[in-house]
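Structure, as structure tokens:
These numbers come from the heavy atoms of this one structure, side chains and all, not from hydrogens, waters or symmetry mates. Chain A is the first sequence line, chain B the second, and so forth, proteins listed ahead of strands; every chain is numbered from 1.
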Amino acid sequence: MDWVRTHYCGDLRAANVGDKVILAGWCQTRRDHGGVIFVDLRDYTGITQVVFKMEISADAHQEADRIRNEFVLAVSGTVAHRLEGNINPKLPTGEIEVLVDTLELLNPSQTLPYQLEDRDEVDEKIRLTYRFLDLRHESLQQNLMLRSQAMQIVRNYFTSEQRFFEVETPILTKSTPEGARDYLVPSRVSPGMFYALPQSPQLFKQLLMVSGFDRYIQIARCFRDEDLRGNRQPEFTQIDLELSFTRPEEIFGIIEGMFARLFRETIEVEVPTPFPRMSYQEAMDRFGSDAPDLRFGLELQDVSDIAAQSELKVFGEVIAKGGLVKAICVPGGSDFSRKDLDDLTDFARIYGAKGMAWIKRNPDGWQSPIAKFFSAELQDQLNDRVGLNVGDLVLFCADTPKVVHDTLGNLRKELARRRGLVDDSVYKFVWITDFPLFEYSETDQRWASTHHPFTMPNLDDLKQHAESDPGKIRSVAYDVALNGVEVGGGSIRIHRQDIQNRVFQLLQLSDEEIETKFGFLMRALSYGAPPHGGIALGFDRIMMFLLKTDSIRDVIAFPKTQRASCLMTDAPSEVETSQLDELHIRVKASAQAS
RNA sequence: GGGGUUGUAGUUAAGUUGGUUAUAACGCCGGCCUGUCACGCCGGAGGCCGCGGGUUCGAGUCCCGUCAACCCCGCCA
């Protein structure tokens with residue numbers, strides 16, 4: 001029998017009594033009752049679920065009797081009856097009735113490992129093992145369809161509207177141990193040598209600028225061998241672009257245009273542009289985060305000077321060591337119970353805080369374990385500083401600036417969640433600018449790049465602080481954050497060999513290391529590289545926003561587990577010794593699975 | 001590397017202060033039913049209680065270890 005896919009069921013729904021229909025698709029028997037078989041014939045491609053009743057001949061029934069659950073079949077028949085009106089919109093069985101002449105079982109299904117409609121209650125371990133069945137579920141189908149649509153919109157925007165040039169860069173490339181851990185690929189032809197999978201196409205796109213492709217775009221797969229999170233997979237997709245002769249403002253405008261169009265054309269949300277700009281310093285001071293969530297207040301207040309005058313020893317000690325005392329005022333927060341405060345203290349400890357002081361302002365004054373260390377005058381000062389009114393609560397963190405910002409930045413988000421201040425129908429973008437060029441790495445005992453080593457430093461800062469305090473050098477780097485999540489980051493790049501060399505020196509790379517790791521880049525810069533810059537956006541994270549999900553696995557067809565394995569294919573797995581021999585590799589005995 | 005949650009039929013769960021043969025629903029298998037739509041009725045099968053130790057007369061239950069999934073810290077230029 002010739003058959004057609006069920007996405008022509010749209011036509012079936014329009015069909016009249018007496019019309020001949022031929023269709024095929026996944027079906028589920030609802031009931032097998034005498035000569036009538038009740039079938040859900042689902043159209044996965046079009047996402048409309050067509051449920052109808054088939055009356056089948058004795059021959060066809062014999063065939064149908066063998067099939068029970070999730071199967072694929074083709075039927076030809078006649079529309080016998082249509083019920084008027086929509087009796088049950090959720091289960092419109094019988095709305096269309098087909099009298100079946102022939103029924104061909106294209107492929108039976110064995111009993112399903114779980115009932116597909118129960119997806120939301122089934123352990124994710126099982127769904128990942130049977131991901132091909134999980135993907136039959138309407139929600140994942142819709143997610144991936146929107147992803148496809150979003151990718152189309154983005155590609156169109158850049159290549160048609162903005163005249164960007166799409167170029168593919170290598171997947172087998174050179175290891176650059178700066179930054180994330182590389183995934184390595186052994187070379188067969190060059191014994192003992194390894195390729196790396198790209199952490200990003202960063203250097204290739206810069207080289208394309210040197211080549212004269214003034215506007216580059218790639219929707220690029222990137223690989224980082226670091227531990228996973230709810231919003232982090234070891235391979236992920238980046239919207240990667242680079243422009244020559246550009247300034248940050250030009251890039252901001254292009255990206256704002258992309259987001260506005262993407263949000264409008266996918267979820268019909270108007271995103272106001274331009275996005276606000278905020279320096280890194282301001283973001284840290286006010287929100288304790290370089291990706292502040294601007295949907296609510298609860299800003300951090302520096303109270304170090306007031307705390308220093310109190311008689312509480314720890315405050316004084318922290319400040320003497322160059323630390324900070326900062327506070328968050330929670331309006332109406334005096335209704336927090338002792339247990340709430342204990343929970344919040346535990347929460348604070350996650351980020352390294354040693355404890356958490358708090359003050360409730362009641363009508364008769366402060367209620368607080370630390371009230372006695374503050375004179376009446378100091379209490380007034382503090383009330384004014386943080387806006388502590390009757391009925392409010394203040395939470396303190398006293399520690400190094402890093403711990404204070406980390407703790408209060410996260411506590412701020414947690415408080416907003418608890419008090420229902422987070423509106424997930426609102427999308428607040430913000431550009432964060434002027435990142436520090438370097439961060440000190442305690443583990444490596446040296447300065448490390450905040451973004452990457454190719455970021456253009458603020459040249460005045462470089463001149464002034466390179467010797468004395470590299471931590472004070474700002475860079476021409478920027479992130480775009482959405483509702484407290486970093487969704488992209490970029491910079492103007494170094495296009496001059498001498499500046500690049502200087503930065504490598506500050507990163508304590510020897511001349512030999514510079515040559516072996518980045519010789520090709522240094523050569524490229526020496527041939528008249530144009531000023532250039534760009535940005536990379538996390539496509540998966542953007543999809544998470546469009547689809548309002550907290551799990552990146554909901555926006556990726558075949559995701560990895562937290563241990564970076566694939567439960568469906570059982571990757572990674574052992575390989576034949578002969579394969580290893582070809583690669584000149586031997587696995588340490590200690591690493592062999594038992 | 002560290003902290004937390006979870007792990008019992010195919011699935012989702014219950015399982016008391018440690019005590020007979022480990023429950024239920026859905027699913028599955030067999031039978032009945034020509035208008036169901038969470039159909040109904042009768043019958044049945046299905047368990048290394050994640051795995052390994054230990055305590056105990058006795059462990060699904062207590063202790064130690066371990067594995068896996070998820071969340072988080074570190075990490076993610």
Side-chain angles (χ1 to χ4, degrees), chain A residues 28-40 51-56 61 68-70 80-81 83 87-95 97 110-130 133 176-182 199-200 202-203 222-234 236 346-353 403 406-407 410 414 435 437-439 441-444 447-455 475 477 486 489 491 503-504 507 509 517-518 536 538 550-553 559-565 567 593-594:
Chain A
Q28 188 160 29
T29 319
R30 190 176 288 284
R31 185 178 174 213
D32 176 6
H33 194 168
V36 181
I37 182 169
F38 298 94
V39 175
D40 297 0
V51 187
F52 67 103
K53 189 193 73 172
M54 292 191 301
E55 210 159 327
I56 57 184
H61 185 267
R68 270 292 176 273
N69 215 318
E70 185 86 359
H81 186 59
L83 293 186
I87 299 160
N88 181 350
K90 276 196 88 174
L91 281 168
T93 309
E95 191 182 341
E97 299 184 5
Q110 60 171 316
T111 304
L112 297 166
Y114 64 93
Q115 287 148 273
L116 300 189
E117 62 273 21
D118 292 346
R119 170 175 198 270
D120 295 346
E121 280 119 51
V122 174
D123 195 312
E124 193 168 4
K125 202 195 296 193
I126 291 158
R127 290 195 284 108
L128 288 173
T129 306
Y130 296 94
L133 295 178
T176 53
E178 286 285 317
R181 199 176 289 115
D182 282 322
Q199 297 176 28
S200 91
Q202 181 60 37
L203 290 175
C222 303
F223 305 85
R224 293 178 192 175
D225 188 4
E226 297 294 344
D227 286 349
L228 286 76
R229 284 288 188 286
N231 63 0
R232 231 160 64 191
Q233 283 271 308
F236 60 97
D346 287 342
F347 182 86
R349 281 189 228 278
I350 296 172
Y351 303 96
V403 171
D406 230 17
T407 302
N410 283 292
E414 175 67 14
F435 276 79
L437 187 66
F438 301 119
E439 283 169 341
S441 165
E442 295 294 340
T443 42
D444 298 342
W447 292 97
S449 296
T450 304
H451 273 88
H452 54 62
F454 322 110
T455 305
S475 64
E486 180 198 326
S491 62
V503 168
F504 282 149
L507 290 167
L509 286 171
K517 289 177 182 168
F518 303 112
D550 289 326
S551 172
I552 196 170
R553 297 180 297 282
K560 306 273 191 295
T561 70
Q562 192 152 57
R563 284 184 68 258
S565 67
L567 295 179
S594 52

(Q) What's the gap between G10(B) and G4(B) when it is taken at their C1' atoms, as a whole Å value? (A) 30 Å
Q.
I'd like the P distance from G52(B) over to U8(B), given in whole Å.
A. 15 Å
[N] pairs with, by Watson-Crick or G-U criteria that keep both distances under 3.5 Å:
N: U21(B); value: none
N: G52(B); value: C64(B)
N: C70(B); value: G4(B)

Q. Just how far, in rounded Å, is P of C26(B) from CD of E117(A)?
A. 13 Å
**Q.** Distance in angstrom units between D406(A) CG and C76(B) P, rounded
**A.** 14 Å
Q.
Go nucleotide by nucleotide along RNA chain B from the 5' end; which of L567(A) and E121(A) gets its closest nucleotide reached first?
A. E121(A)
Q: Between R224(A) and V122(A), just flag the one whose closest nucleotide in RNA chain B comes earlier from the 5' side.
A: V122(A)
Would you say a side-chain N or O of [X] is under 4.0 Å from OP1 or OP2 of [N]?
X: Q562(A); N: C71(B); value: yes
X: R229(A); N: C73(B); value: yes
X: R563(A); N: A68(B); value: yes
X: T129(A); N: A69(B); value: no

Q: Could you tell me whether R553(A) contacts a base, only the sugar-phosphate backbone, or nothing, with contacts defined as non-hydrogen atoms closer than 4.0 Å?
A: sugar-phosphate
Q: Would you indicate what L228(A) reaches in the nucleic acid, counting non-hydrogen atoms under 4.0 angstrom: base, sugar-phosphate, or nothing?
A: nothing
Q: For the pair E124(A) and R553(A), find out whether any cationic side-chain nitrogen is under 4.0 Å from an anionic carboxylate oxygen.
A: yes
